[in-house]
Amino acid sequence: MAAFDSLDALLFSLSGAFCSPLAVFVQIQGCLICLVLALGWACAAHVRNREIKRMKDSIRRGNSFAFLSHDINDLEHSKQVNLPRVSVVMPLKGFGEHNLHNWRSQITSLYGGPLEFLFVVESTEDPAYHAASLLISEYKDDVDAKIIVAGLSTTCSQKIHNQLLGVEKMHKDTKYVLFLDDDVRLHPGSIGALTAEMEKKPEIFIQTGYPLDLPSGSLGSYCIYEYHMPCSMGFATGGKTFFLWGGCMMMHADDFRYDRYGVVSGLQDGGYSDDMTLAAIAGAHKRLISSPPVAVFPHPLASDLSFSRYWNYLRKQTFVLESYTTKVNWIMNRALFTSHCYLSWGFVAPYIMTSVHVTAALRAYIKGYSFEETSLTNVGLLMVGCLVLCTATELLSMWNLTRIEVELCNMLSPEAPQLSLASYNWGLVFIAMVVDNFLYTVSAVRSHFSQSINWSGIRYHLKDGKISKIDRSKDLGPKFTDLGGKTLYGRKGSPPKNLFISSLARSLAQWRQPKKFDV
């Protein structure tokens, strides 16, 4: 009993301390963070919803192909034959449960102009090499696609090395190059929409988009969904943005042919992150980055995504802030590092205080203590009520944006299995919000002091913001990628038939009916 009395005394003391002016400021700040996020998501939802209304208006006017173009006249043959050539470069690494379905959505694009697909792998030992080869052979009469073996990178990340080699091998008449990650699930009209925007606004330096995560049910997958959601408001501008996602980037091919603004040299010379490097170049040269409202892509997360794989992913995301190209870029990254860490723990702290207030009040109620005996005040309970209200507002805004993006994705891919909010667990979303924000600062600080990271079995070491050393070993890291759960290693000359067949069966099933990771 004495132990319980000591615990009660500690709880009441902490609750009282959390009613001090500084503690109240921290709790009010947490409420404001929730409301700012809610407002940002509401604005993003407005932009996405405006696009949905435009599509519905176009359909009502008799355009049944509104998912391809708002103006049906743009689909006439006379206009389609004049569309510019686009080369799609896809750097691959490993092969997993969603890859085949994603690749099919990419190569079966309904873009009417000349189009080529370049699958770029590190070596023939990569499981992706054989899977992509089989897919290409299946579509050889309908699609201009080929697979390129890039070899090992020596001065930059393997992904950037693959991208640059893909650019070297693209068609000589290519006007635009589109970089896609292999976990991007395109809509039939995505390439056409990106190209149309580039044609309409030649001053655009990079066109980008953003994924809509489809959690698989694990806490790790919800943490990734929650991690991406605050960034989504920066991509839902309907035009100019300062954000850039490496999973989808369309650029002028001549920028690479002539190394304009140092895009090739900047990436090649110690580049770790493609999007952070290109965003820094765009900022330094005051070039325009744009994100059209239709550039939101379903991103199914691996069904077996564990918490440890989420942690590995978070480590890679925070590590990008350690890479930089110029002094100004370094200052910007330090500012992002500091503000994000402060806001993350500023978001978490009020929930810790609230749990103490609630626990103390419950203990007092259960044991029959009066407020005078416990020194509890109404201020603590008032803070609890405010935080609950602000959190509910935040979750409602997040739900609304997700709902609208799901509807937009369904309209942009009318033949695909329809996505749904039914599988989203909003209790886990709330837990993920607290867990992810707490761990972000831990991960960022660790990245700052380690200056090295393991990315898909390759350890990169940074010096002065650039890759200075690359270690390779199959024993260095995990056998599977973080988000897609892709198998990273295979045997030379031996295609992973079972893996390909199982993925093919899964892909066919997805087209027939939605699965857990598709809804």
Side-chain angles (χ1 to χ4, degrees), residues 87-96 99 103 117-133 136 145-170 177 179-183 246-247 249 256 259 262-278 312-313 315-316 319-320 322-323 325 450-484 486-496 499:
S87 293
V88 182
V89 176
M90 292 171 282
L92 308 182
K93 181 69 174 180
F95 183 71
N99 281 128
W103 297 346
F117 297 90
L118 306 172
F119 294 83
V120 190
V121 297
E122 173 187 304
S123 72
T124 56
E125 294 183 46
D126 192 318
Y129 173 83
H130 301 286
S133 297
I136 290 171
K146 58 185 174 182
I147 189 165
I148 299 169
V149 178
L152 304 180
S153 63
T154 57
T155 63
C156 58
S157 70
Q158 187 65 46
K159 178 185 178 182
I160 289 177
H161 176 70
N162 289 11
Q163 289 172 322
L164 293 179
L165 190 71
V167 167
E168 284 183 23
K169 302 295 184 180
M170 67 184 175
V177 56
F179 298 106
L180 291 177
D181 280 357
D182 60 1
D183 56 359
M249 302 185 298
F256 287 89
D259 194 19
V263 292
V264 175
S265 53
L267 289 167
Q268 209 166 43
D269 181 21
Y272 167 75
S273 169
D274 53 339
D275 47 15
M276 289 293 283
T277 302
L278 290 171
N312 290 337
Y313 175 76
R315 285 273 290 113
K316 289 188 294 186
F319 189 75
V320 300
E322 301 304 314
S323 65
T325 56
S450 69
Q451 290 296 297
S452 71
I453 191 72
N454 189 303
W455 184 2
S456 299
I458 305 173
R459 181 161 290 279
Y460 298 103
H461 301 264
L462 295 185
K463 184 178 180 181
D464 297 328
K466 297 183 178 181
I467 291 176
S468 61
K469 181 182 177 184
I470 302 175
D471 295 326
R472 285 184 171 84
S473 173
K474 293 182 180 180
D475 300 322
L476 276 178
K479 306 298 181 185
F480 302 94
T481 58
D482 300 325
L483 302 192
K486 298 178 290 183
T487 302
L488 292 174
Y489 306 111
R491 290 181 300 169
K492 189 173 182 178
S494 176
L499 187 59

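Computed over heavy atoms, backbone and side chain alike; hydrogens, waters and symmetry mates excluded.
A search for salt bridge (Lys or Arg N to Asp or Glu O under 4.0 Å) contacts involving Asp275 returns nothing, not counting sequence neighbours. Residues passing the side chain to side chain donor-acceptor pair (under 3.5 Å) test with Gln451 are Glu322, sequence neighbours excluded.
For the atom pair Ile453 CD1 and Arg459 CZ, the distance stands at 6.5 Å (nearest 0.5 Å). In this structure, the separation between CG on Leu152 and NE2 on His161 is 7.5 Å, given to the nearest 0.5 Å. Distance check, rounded to the nearest 0.5 Å: CD1 of Ile470 to CD1 of Ile458 gives 7.5 Å. In this structure, Lys469 NZ and Lys463 NZ are separated by 12.0 Å, a value rounded to the nearest 0.5 Å. Taking CG of Leu267 as the reference point, atom SG of Cys156 lies at 7.5 Å (rounded to 0.5 Å). With values rounded to the nearest 0.5 angstrom, His461 atom NE2 is found 10.0 Å from Ser450 atom OG.
With contacts defined as side-chain heavy-atom distances shorter than 4.5 Å, the pair Leu462/Ser323 qualifies. A heavy-atom distance below 4.5 Å is found between the side chains of Lys146 and Leu118. The side-chain heavy atoms of Met90 and Val120, taken from C-beta on, include no pair separated by under 4.5 Å. The shortest side-chain heavy-atom distance between Val149 and Tyr129 falls under the 4.5 Å cut-off.
Nearest heavy atoms, Tyr272 versus Ile467: CA-CD1, 3.8 Å. The two residues Gln158 and Gly151 make their nearest non-hydrogen contact at NE2-O, 2.9 Å. Scanning all heavy atoms of the two residues, the minimum distance from Phe319 to Tyr460 falls at CZ-O, 4.4 Å. Here the closest non-hydrogen pair linking Asp269 and Lys466 is OD2-NZ, 3.1 Å. Between Leu92 and Ala132 the shortest heavy-atom distance is CD1-CB, 4.0 Å. Closest non-hydrogen pair, Gly266 versus Thr277, comes out as O-CG2, 3.7 Å.
Between the side chains of Asp274 and Gln163, at least one donor-acceptor pair of N or O atoms lies under 3.5 Å.
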* To do: I would like to know whether Trp455 and Tyr313 meet ring pair (Phe, Tyr, Trp, His ring centres under 6.0 Å); could you show each step before the answer?
  => CA-CA 9 Å; Trp455 184 2; Tyr313 175 76; over 10 Å; no
* To do: Could you please spell out the steps behind the side chain to side chain contact (heavy atoms under 4.5 Å, CB included) verdict for Leu180 and Val88?
  => CA-CA 7 Å; Leu180 291 177; Val88 182; 3.6 Å; yes
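Checked by atom type and distance alone, the side chain of Asn162 never pairs as donor or acceptor with a backbone atom of Gly166 at under 3.5 Å. Looking at His130, its side chain never comes within 3.5 Å of a backbone N or O of Glu125 through a donor-acceptor pair. For the pair Asp182 (side chain) and Trp103 (backbone), a donor-acceptor distance under 3.5 Å is absent.
The side-chain contact (heavy atoms from CB on, under 4.5 Å) test with Ser273 is passed by exactly one of Val320, Leu278, Ile160: Val320.
Heavy-atom contacts from other residues, nucleotides or ligands closer than 6.0 Å to CZ of Phe117 number more than 12.
Salt bridge status for Asp181 with Lys159: present, with a side-chain N to carboxylate O gap under 4.0 Å.
Between Phe256 and Phe179, the ring planes are perpendicular. Angles over 60° get that label, and only those under 30° would be called parallel.
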